[in-house]
There are 2 protein chains.
Amino acid sequence: MTDTLAINRGTQWLTSADLRPTRQRVALAALLVGDGKDRHFTAESLFASAKERGEAVSLATVYNTVRAFCDAGLVQEVTVEGSKSYFDTNTHDHPHFFWEDDQVLTDAPAEELEITRIPAAPEGAEIASVDVVIRLRKTQRQ
Amino acid sequence: MTDTLAINRGTQWLTSADLRPTRQRVALAALLVGDGKDRHFTAESLFASAKERGEAVSLATVYNTVRAFCDAGLVQEVTVEGSKSYFDTNTHDHPHFFWEDDQVLTDAPAEELEITRIPAAPEGAEIASVDVVIRLRKTQRQ
DNA sequence: TTAAGTGCAAATTATTTGCAGTAAG
DNA sequence: CTTACTGCAAATAATTTGCACTTAA
């Protein structure tokens with residue numbers, strides 16, 4: 001039942017960033033990039049997914065591992081909410097939808113965003129990134 | 001030495017939102033809108049400013065008060081950083097600069113931002129707001 | 001074999017809350 | 001008067017860390 005392809009992908013992803021492919025890291029990596037799709041997650045949600053699949057990983061290790069992935073540039077932190085930290089396996093600059101009702105982060109179609117002019121960085125500074133978060137609220141249907 | 005104009009402005013600001021102008025609230029309000037300029041702050045930074053001016057306000061009250069201001073629509077929460085909550089007395093939708101080195105939030109000139117197209121809200125949702133944060137990093141000068 | 005990774009439990013940080021006392025309308 | 005506000009101190013939530021143990025290279 002263990003998905004060899006997902007595990008291989010995860011292992012490659014780790015080694016490409018010079019991270020030691022330990023059992024725990026491979027398990028988490030497989031969950032994140034095993035199917036090649038972009039994934040949005042928090043430390044807690046990743047921990048929950050791991051537990052669901054019966055993987056033995058401690059919460060502290062999930063936190064440490066996600067931090068390591070982020071430092072290695074494998075995932076991108078997305079700032080959307082005061083308390084929790086959200087991460088995205090898609091590290092390219094792109095806009096996000098944040099579903100306020102469910103506190104869920106998803107990708108917004110980058111090709112539908114057109115920014116034709118951006119405030120210049122003030123003297124002595126340069127632009128590190130431009131974060132665009134489109135906050136969504138569910139329309140109540142009656 | 002007490003700035004009557006600032007206090008009056010603060011008091012008006014509070015009553016306009018049906019908030020009881022208590023001594024502590026008026027002091028904080030005067031710090032925030034006393035000079036009519038927009039202000040960016042965190043609970044901690046506002047607490048520090050209050051202490052600096054010799055105002056007797058507890059940290060818990062600063063937190064509660066800022067939350068009350070936010071709920072009343074007097075200030076806007078700006079999500080820029082995982083840990084702390086930032087607030088802005090300018091409640092109009094406008095872009096921000098976030099100085100990563102100092103963890104400081106400032107306004108970006110709204111007239112220099114031109115978004116000509118925005119991803120449509122998915123079925124069943126509507127756009128609550130579009131947050132644009134331009135992250136700045138200081139250019140090291142040698 | 002050895003430096004890096006793991007997993008507890010305890011520490012830390014930002015924030016909220018319970019509750020007794022205080023003050024505004 | 002009476003309801004809301006204040007201020008402690010304790011509670012909470014997300015995350016990090018110290019340290020002994022384990023494991024990949």
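On a predicted model such as this, the values are computed, not experimentally measured, just so you know. The sequence lines fix the lettering, A, B, ..., with proteins before strands; numbering per chain opens at 1.
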[X] [atom1] to [N] [atom2]: how many Å, rounded?
X	N	atom1	atom2	result
B:Leu19	D:dA4	CG	C1'	11 Å
A:Leu46	D:dA14	CG	C1'	15 Å
B:Arg20	C:dT22	CZ	P	16 Å
A:Glu77	D:dT16	CD	C1'	14 Å
B:Lys51	D:dG7	NZ	P	13 Å
B:Leu59	D:dG7	CG	P	11 Å
A:Arg23	C:dT6	CZ	C1'	9 Å
A:Phe47	D:dT15	CZ	C1'	14 Å

Kindly say if [X] contacts the phosphate of [N], meaning a side-chain N or O under 4.0 Å from OP1 or OP2.
X	N	answer
B:Arg67	C:dT16	yes
B:Arg25	C:dA24	no
A:Thr61	C:dG7	yes
A:Thr22	C:dA4	no
A:Tyr63	D:dT16	no
B:Thr42	C:dA14	no

Looking just at side-chain N and O atoms, do A:His94 and A:Asp88 make a donor-acceptor pair shorter than 3.5 Å? yes
Can a donor-acceptor pair be found between the side chains of A:Ser83 and A:Glu81 at a distance below 3.5 Å? yes
Neighbour count >12 (heavy atoms, 6.0 Å) for atom CD, B:Glu52: no
Heavy-atom nearest nucleotide on DNA chain D for A:Glu44 versus B:Ala60: which residue maps closer to 5'? B:Ala60
Where do A:Val80 and A:Tyr86 come nearest, in terms of heavy atoms and distance? CG2-CD1, 3.4 Å
Output the single nucleotide from D:dC5, D:dA14, C:dG7 whose closest atom is nearest the side chain of A:Ser58. C:dG7
Given C:dG25, D:dA14, C:dT17, which nucleotide is nearest the side-chain atoms of A:Lys84? D:dA14
Closer to the 5' end of DNA chain C via nearest nucleotide, is it A:Gln24 or B:Tyr86? A:Gln24
What distance separates B:Phe97 CZ from B:His40 NE2, expressed to the nearest 0.5 Å? 11.0 Å
